[in-house]
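Not measured: the values here are computed from a predicted model.
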Amino acid sequence: MRGYESVFKAAADPTRVRILKILEGGRLCVCQIIAILSLGQSTVSKHLFLLRAAGLIKDRRDRKWVHYSLDRGSNSPYAARMLRNLRSWLNEDPVIAKDRERATIARAIGPMAVCERKMTLPARRRPPKKR
């Protein structure tokens, strides 16, 4: 019962669901996740800790960066099922869509550039309006 409770409590928080949805696109460094969500480091770290404890994500250290990815090989049957179901949920949500756009930028510039920018992303250039 504890495994079930851990997974569902972790997945009940909107910020943690946002993290899971951006990690569907592949692994990200913690600094990239912070930049995408525009949240503080301690807040994001707490969410990542809870997701990892529930078996939904895993981490891997690469020199000074810690990369997170979905734990598709989790020992928890609840985590595995949650990740499978979540894949088809919220894909049309505007917040998730914006996060995915920001994740594309974060992946393109890489963790080093995000860290150098103090965990912010460059502003998106919009095409000039036609008159």
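- Hydrophobic clustering, with ILVMFWY side chains joined whenever heavy atoms are under 4.5 angstrom apart, groups I105 together with L23.
- V114 and W65 fall into different hydrophobic clusters, where Ile, Leu, Val, Met, Phe, Trp and Tyr side chains are chained together by heavy-atom contacts under 4.5 Å.
- Nearest heavy-atom pair, M119 versus C31, reported as atom, atom and distance to 0.1 Å: CG-CB, 3.7 Å.
- When all heavy atoms of G25 and R107 are compared, the pair lying nearest together is C-NH2, 3.3 Å.
- Under the 4.5 Å side-chain heavy-atom criterion for ILVMFWY residues, no single connected hydrophobic cluster contains both V30 and M112.
- Between the side chain of R102 and the backbone N or O of A35 there is at least one donor-acceptor pair closer than 3.5 Å.
- The CZ atom of R27 sits 14.0 Å away from atom CD1 of I22, with the distance rounded to the nearest 0.5 Å.
- Judged by distance alone, the side chain of T43 and the main-chain N or O of L39 form no donor-acceptor pair under 3.5 Å.
- Contacts of K9 classified as side chain to side chain donor-acceptor pair (under 3.5 Å), with partners at least two apart in sequence or in another chain: E5.
- The two residues D71 and L83 come nearest to each other via the heavy atoms O-CD1, 3.7 Å.
- Checked by atom type and distance alone, the side chain of S74 pairs as donor or acceptor with a backbone atom of G55 at under 3.5 Å.
- Remark: S38 OG to I33 CD1 distance equals 13.0 Å, nearest 0.5 Å.
- Residue pairs meeting the salt bridge (charged side-chain N to carboxylate O under 4.0 Å, His left out) criterion with at least one partner in residues 28-48, sequence neighbours excluded, are absent.
- Residues passing the ring-ring contact (aromatic ring centres under 6.0 Å, His included) test with Y68, sequence neighbours excluded: none.
- Annotation for Y4 and Y78: closest pair N-CD1, 3.5 Å, computed over non-hydrogen atoms.
- L51 CG to D13 CG: the interatomic distance, rounded to the nearest 0.5 Å, is 8.5 Å.
- Expressed to the nearest 0.5 Å, how far NE2 of H47 lies from CG of L20 amounts to 11.5 Å.
- Applying the salt bridge (charged side-chain N to carboxylate O under 4.0 Å, His left out) rule to pairs touching residues 57-69 yields R52-D59, sequence neighbours excluded.
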Output a table of donor-acceptor pairs, distance under 3.5 Å, between side-chain atoms of residues 84-95 and any protein atom two or more places apart or on a different chain; print 'none' if there are none.
{"unit_1": "N85", "atom_1": "ND2", "unit_2": "R81", "atom_2": "O", "d": "3.4"}
{"unit_1": "S88", "atom_1": "OG", "unit_2": "N85", "atom_2": "O", "d": "3.2"}
{"unit_1": "N91", "atom_1": "OD1", "unit_2": "K21", "atom_2": "NZ", "d": "2.8"}
{"unit_1": "N91", "atom_1": "OD1", "unit_2": "R100", "atom_2": "NH1", "d": "3.4"}
{"unit_1": "N91", "atom_1": "OD1", "unit_2": "R100", "atom_2": "NH2", "d": "3.0"}
{"unit_1": "N91", "atom_1": "ND2", "unit_2": "R87", "atom_2": "O", "d": "3.0"}
{"unit_1": "D93", "atom_1": "OD2", "unit_2": "V95", "atom_2": "N", "d": "2.9"}
{"unit_1": "D93", "atom_1": "OD2", "unit_2": "I96", "atom_2": "N", "d": "3.2"}

Discussion item. Using side chain to side chain contact (heavy atoms under 4.5 Å, CB included), reason through L70 and L56 one step at a time and then give a plain yes or no.
Written reply: CA-CA 6 Å; L70 296 179; L56 292 163; over 6 Å; no
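- Taking hydrophobic clusters as Ile, Leu, Val, Met, Phe, Trp and Tyr residues chained together by side-chain heavy-atom distances below 4.5 Å, L48 does not share a cluster with L50.
- Nearest heavy atom pair, residue P122 against residue I109, reads CD-CD1, 3.7 Å.
- Heavy atoms only, all atoms of each residue included: V7 and A54 are closest at CG2-O, 3.4 Å.
- By the ring-ring contact (aromatic ring centres under 6.0 Å, His included) test, F49 pairs with no residue at all, sequence neighbours left out.
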